[in-house]
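Order of the sequence lines sets the chain letters (A, B, ...), proteins ahead of strands, with each chain counted from 1. If you're wondering where the values come from, they're calculated on a predicted model, not measured in any experiment.
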There are 2 protein chains.
Amino acid sequence: MSRPAQRAKTAARSGKTRPAEVQASALRQTRREHANETAEDYAEAIAELTAATGEARATDLARRLGVSHVTVIRTVARLQRNGLVTTRPYRSIFLTEKGTRLAEASRQRHELVVEMLRALGVPEAVAQSDAEGIEHHVSPETLATFQRFLHRQAGTPQK
Amino acid sequence: MSRPAQRAKTAARSGKTRPAEVQASALRQTRREHANETAEDYAEAIAELTAATGEARATDLARRLGVSHVTVIRTVARLQRNGLVTTRPYRSIFLTEKGTRLAEASRQRHELVVEMLRALGVPEAVAQSDAEGIEHHVSPETLATFQRFLHRQAGTPQK
DNA sequence: TGCAACATGTAGCTCAGGCTACATCATCCG
DNA sequence: CGGATGATGTAGCCTGAGCTACATGTTGCA
Ligand SMILES: [Mn+2]
Ligand SMILES: [Mn+2]
Ligand SMILES: [Mn+2]
Ligand SMILES: [Mn+2]
């Protein structure tokens with residue numbers, strides 16, 4: 001239990017351990033993604049509700065997102081501050097231009113992740129559930145890779 | 001802008017929109033996974049540091065996790081409350097039995113996710129970064145599917 | 001041996017995202 | 001046409017996770 005102090009830094013680079021900096025920046029990236037996650041899920045849900053029923057109301061969002069209506073109202077207020085939605089007291093919620101773009105991108109990414117999981121053999125229900133978390137951590141490069149993979153699959157006459 | 005009230009519920013089930021309940025439970029699952037995420041990443045990092053340098057100190061963890069040492073100290077205190085680590089003031093941090101099991105499971109899952117991404121053609125660096133977020137949202141079923149896929153790949157004499 | 005340098009700890013703040021309990025608003029329908 | 005009912009909003013609470021600034025411990029080495 002002696003104290004190696006900065007000796008440790010030197011010892012660390014002998015193994016096959018990832019460099020601290022590499023891991024740190026991956027974790028920072030993950031935290032950034034989490035910060036956008038709520039906005040992405042709300043935008044997607046608002047777009048779906050609007051398409052399906054003509055409008056998105058706080059109560060419907062609460063049911064669909066699995067949170068209380070209070071949480072929805074507070075979160076929607078933040079999304080409005082950030083320019084993603086507009087809403088007036090006692091009225092429904094609408095996506096702005098920016099919000100619509102976010103919703104569309106999120107929907108596409110969501111679907112692609114689900115398709116990818118299914119293509120690998122993950123059962124439908126599990127794919128739906130896992131995708132809801134995974135989608136927010138798929139970089140554009142990985143997304144492009146998924147797309148290539150799926151196209152190749154589709155084009156290849158599989159036995 | 002009339003008010004359909006519960007009329008909406010009926011209208012919703014006409015489209016191909018996911019049922020609200022299904023999406024709600026997927027999102028609840030994702031939130032549960034986020035609640036374990038910090039513990040998993042810390043356990044993994046503590047195990048790595050211990051293996052590489054013989055001990056895990058708060059400062060090293062802070063560097064590796066990309067947060068301040070204060071955050072590490074507070075989080076480690078919580079992990080101790082939850083029985084994952086032991087630590088004494090001004091001393092290094094050790095995993096308990098339970099913590100060791102969590103670290104090992106997390107490590108395996110992390111590696112499998114990276115391998116899966118690489119197998120699909122995602123560049124190494126991107127795979128490392130994306131995996132850091134994705135790993136926490138991969139269910140046991142999906143993990144098993146990944147494993148089968150990778151074994152099949154390895155066993156198949158690819159051209 | 002003593003102290004400078006580094007590690008660890010504490011105080012106190014911010015923000016996101018949950019919640020319950022209660023208050024107010026809007027509207028459908030009897 | 002006036003409630004009852006359901007939707008929306010407010011007050012006030014909690015926890016996790018981050019931070020800076022400052023205080024205190026530890027120890028290697030001059
Ligand atoms: Mn999601
Ligand atoms: Mn989604
Ligand atoms: Mn996540
Ligand atoms: Mn991770």
Side-chain angles (χ1 to χ4, degrees), chain A residues 1-10 24 27-42 45 49 53 55-82 84-85 87-94 133 136, chain B residues 1-10 24 27-42 45 49 53 55-82 84-85 87-94 133 136:
Chain A
M1 213 66 51
S2 79
R3 183 167 193 163
Q6 51 275 95
R7 205 81 49 81
K9 209 179 308 178
T10 312
L27 288 165
R28 269 190 272 255
Q29 176 63 28
T30 298
R31 289 195 293 269
R32 259 191 304 278
E33 286 156 359
H34 283 159
N36 300 326
E37 177 153 348
T38 305
E40 291 169 357
D41 286 336
Y42 272 66
L49 280 173
T53 75
E55 64 177 352
R57 308 202 62 103
T59 300
D60 301 330
L61 273 176
R63 185 173 25 248
R64 174 165 296 261
L65 297 170
V67 296
S68 74
H69 82 276
V70 180
T71 298
V72 168
I73 286 169
R74 285 168 57 80
T75 303
V76 164
R78 183 169 54 86
L79 298 184
Q80 186 161 32
R81 281 206 306 280
N82 297 346
L84 292 168
V85 307
T87 181
R88 283 154 37 232
Y90 295 98
R91 292 274 165 257
S92 359
I93 298 147
F94 298 94
H136 309 280
Chain B
M1 213 65 53
S2 77
R3 184 165 192 166
Q6 51 275 92
R7 206 80 49 81
K9 206 180 306 176
T10 311
L27 289 166
R28 269 190 271 255
Q29 176 62 27
T30 298
R31 289 194 293 270
R32 258 192 304 277
E33 285 155 1
H34 284 159
N36 299 328
E37 175 152 351
T38 305
E40 292 168 356
D41 287 335
Y42 272 66
L49 280 173
T53 75
E55 62 177 353
R57 307 202 62 102
T59 299
D60 302 330
L61 272 176
R63 183 170 29 247
R64 175 165 295 262
L65 298 171
V67 298
S68 75
H69 82 276
V70 181
T71 298
V72 168
I73 286 168
R74 287 169 56 80
T75 303
V76 165
R78 183 169 54 87
L79 298 184
Q80 186 162 31
R81 281 206 307 280
N82 298 345
L84 292 169
V85 307
T87 181
R88 283 153 37 231
Y90 296 98
R91 292 274 166 258
S92 2
I93 297 147
F94 298 95
H136 309 280

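- A salt bridge between B:Arg63 and B:Asp60 is present, with a side-chain N of the basic residue lying under 4.0 Å from a carboxylate O of the acidic one.
- Taking atom NE2 of A:His136 as the reference point, atom C1' of C:dA16 lies 15 Å away to the nearest angstrom.
- Across the protein-nucleic acid pair, A:Arg32 atom CZ and D:dG18 atom P stand 13 Å apart, rounded to whole Å.
- Between B:Arg81 and B:Val67, the residue anchored nearer the 5' end of DNA chain D, judged by the nucleotide with its closest heavy atom, is B:Arg81.
- B:Thr59 has a side-chain polar atom (N or O) that falls below the 4.0 Å cut-off from OP1 or OP2 of C:dT8.
- Qualifying salt bridge (charged side-chain N to carboxylate O under 4.0 Å, His left out) partners for B:Arg32, counting only residues two or more places apart in sequence or in other chains: none.
- B:His136 has its ring centre no less than 6.0 Å from the ring centre of B:His34.
- Residues passing the salt bridge (charged side-chain N to carboxylate O under 4.0 Å, His left out) test with A:Glu40 are A:Arg109, sequence neighbours excluded.
- Side-chain nitrogen and oxygen atoms of B:Arg91 include none within less than 4.0 Å of the OP1 or OP2 phosphate oxygen of C:dT8.
- The CZ atom of A:Arg31 sits 15 Å away from the C1' atom of C:dA16 (whole-angstrom rounding).
- Here B:Arg74 does not reach the OP1 or OP2 of D:dG16: none of its side-chain N or O atoms lies under 4.0 Å away.
- Regarding B:Asn82, its CG atom lies at a distance of 8 Å from the P atom of D:dG16, rounded to whole Å.
- Computed from coordinates, the A:Arg88 CZ to C:dA26 C1' distance equals 14 Å when rounded to whole Å.
- For C:dC6, neither phosphate oxygen OP1 nor OP2 lies less than 4.0 angstrom from any side-chain nitrogen or oxygen of B:Arg63.
- Summary of the strand contacts: A:Val70 and B:Thr75 both lie near DNA chain D, and taking for each the nucleotide with the nearest heavy atom, the more 5' one is attributed to A:Val70.
- Annotation: of the two residues near DNA chain C, A:Ala39 and A:His69, the 5′-most nearest-nucleotide partner is A:Ala39.
- Here B:Thr71 lies in heavy-atom contact (under 4.0 Å) with a base.
- The residue A:Thr38 sits close only to the backbone: its heavy atoms come under 4.0 Å of sugar-phosphate atoms, none of a base.
- Rounding to whole angstrom units, CG of residue A:Asn36 and P of C:dA16 are separated by 12 Å.
- Between B:Thr30 and A:Glu37, some side-chain heavy-atom pair lies under the 4.5 Å cut-off.
- Between the CD atom of B:Glu55 and the C1' atom of C:dT8 there is a distance of 13 Å, given to the nearest Å.
- Rounded to whole angstrom, the span from the CD1 atom of B:Ile73 across to the P atom of D:dC22 amounts to 18 Å.
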